[in-house]
Amino acid sequence: MSRRYDSRTTIFSPEGRLYQVEYAQEAISLAGTAIGILAKDGVVLACEKKFTSKLLDDDGSAEKLYALNDNMIAAVAGMTADASILVNHARYAAQKYLKTYNEQMPCEMLIKRVCDIKQGYTQHGGLRPFGVSFLYAGYDDKYQFQLFTSNPSGNYSGWRATSIGANNSAAQTLLKKDYKDDLSLEEACQLAVKVLLKTMDSQNLNGEKLEFATLSLNKAESAPESTGNEATRGPATDEVTHRIWREQEIDELIKKLGVLDEKKEEE
Amino acid sequence: MADCSFGITGKDFVLLASDQSAGRSIIKMKSDENKIRTLSPGLALAFGGEPGEFTSLGKRRLMGGTSNELAKRGGESDMIKRDTNNFVDYVERNLRLYQIRNNTELLPAPASAFIRKELANSIRSRSPYAVNLLLGGYDKVHSEAHLYSIDLYGTKAILPYAAQGLGIYVALSTMDKYWYPDITRDEAVELLKKCVAEVKLRLAYQFTFNAIVIDKEGVKNLPL
């Protein structure tokens, strides 16, 4: 039955559904889990690495985490090749905004830009939609730290903690249970590991199977030295920093948490 | 056309003043033209142009057009007039569009960057705008007042006080002497009056001025 309506992205089925978009979302729910947690002093994104092999020449770079600009990072669930196209668009838009307005693009504006591209493929025919969901972690002056998700339909929404990809409903249940309003970034990282451990199939968790990135503020220590011109003198501004963790750092976090030991004791 | 505009900042306010003359070459045709435009609740600019640049750029463009186009366009001064107002209209509408699209007002700093970029692109185009402007704004997020001087080449300067047009020859020294970082509003108004008086005393050209003050409450007219 559905065959008649799912071959094109732009045709509604009689039930009012867009099958290609739903299939894209289906594809994403098979991809590795990614979770994001908003803390009071930062945001953490954590992903499960699906493909690990001893033979894979790993240069240490993340495959599912991208820096979009100086104050935003994104995690991907779905087809990484599709994601790279959208990430390219996002980076270009962010730099263009920076060039025009001499300030970083507000987070929601950038996300909306990416979502408008995604939406285009659900309406203008012939092509398949982007098979990607994103988790965005960002900071801007107006709304401080933010966490968003977007999906292939071109919808986006803001969250305090959420997950995309495989087992995302299980992860969200766990997050709902354990999320507290005034988490510190460190606590948020610990929560992320705990949730990933429970949602992932594998028994032992290590840096090889995870990707971690955090976004936080580097507090400005003191006002910059006076340049002599009174008008250019401004208050010291905090610097947004984002960091994609190295394997070793993830291992240390897991060890510090002792989640693996707990698990063994339970057994 | 001879222009003259001033801007003075204090901790939480900016004053902008501009002459009100419009005309061509040494002839004044109007002395009640408003050359200050409010762009948004916390942002306004005073605009004018360099007379020499106006004519040379206008001529170059006229020479490029067909005779038919020339007739349609009318006089050279007409085009000059359209130049400055056109550009300010364009900026005003674009800032409004940004506000509608993003549901947030552009702060003075990004707005100044936008205007500077538009002028920098314009000077590299076939028909450049010839507009000098003083942009004053109150930044509600950081609670600061800012003054920017932007010229037709796309040079932007952040300044505590500034003059543009003929005023630079006679009023900058006055501002230099009396301005200080914590200047109060009353003192700044007095300083502005001193500058206007200096213009009346020293320049052969007869100017009338209007002025505004921008602060956290918005843009208000300032009787001089």
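As the structure is a prediction and not an experimental result, all values here were calculated from the model. Below, chain A is the first sequence line, B the second, and so on; all start at residue 1.
More than 12 heavy atoms of other residues, nucleotides or ligands sit less than 6.0 Å from atom NZ of B/Lys156. More than 12 heavy atoms of other shown residues, nucleotides or ligands fall within 6.0 angstrom of atom OH in B/Tyr180. By the 6.0 Å contact criterion, CZ on A/Arg113 is open, its count of non-hydrogen atoms from other residues, nucleotides or ligands being 12 or less. Surrounding CD of A/Glu186 are at most 12 heavy atoms belonging to other residues, nucleotides or ligands under 6.0 Å away. More than 12 heavy atoms of other residues, nucleotides or ligands sit less than 6.0 Å from atom CD of B/Gln99. Within a 6.0 Å sphere centred on NZ of B/Lys216, other residues, nucleotides and ligands contribute 12 heavy atoms or fewer. Sparse packing is recorded around CZ of B/Arg202, with 12 or fewer heavy atoms of other residues, nucleotides or ligands lying under 6.0 Å away.
Only the backbone of B/Asn103 comes within contact range of chain A, judged by heavy atoms closer than 4.5 Å. Interface residue A/Lys142: only side-chain heavy atoms are found under 4.5 Å from chain B. If you measure heavy-atom distances from B/Tyr98 to chain A, the contacts under 4.5 Å come from the side chain alone. Interface remark: B/Leu106 contributes side-chain atoms only to the contact with chain A (heavy atom separation under 4.5 Å).
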| query | How far apart are the C-alpha atoms of B/His142 and A/Asp141, what are their side-chain angles, what is the distance that settles it, and do they pass the side-chain contact (heavy atoms from CB on, under 4.5 Å) test? | reply | CA-CA 10 Å; B/His142 304 97; A/Asp141 281 341; 4.2 Å; yes
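Chain A forms more heavy-atom pairs under 4.5 Å with one residue of B/Pro110, B/Ala111, B/Ala109, B/Ala120 than with any other, namely B/Pro110.
In this structure, A/Tyr101 and B/Phe114 have parallel ring planes: the angle between them is below the 30° cut-off, well short of the 60° mark.
Expressed to the nearest 0.5 Å, how far CG of B/Leu107 lies from CD of A/Glu103 amounts to 6.5 Å.
B/Glu118 places none of its side-chain heavy atoms less than 4.5 Å from the side chain of A/Thr100.
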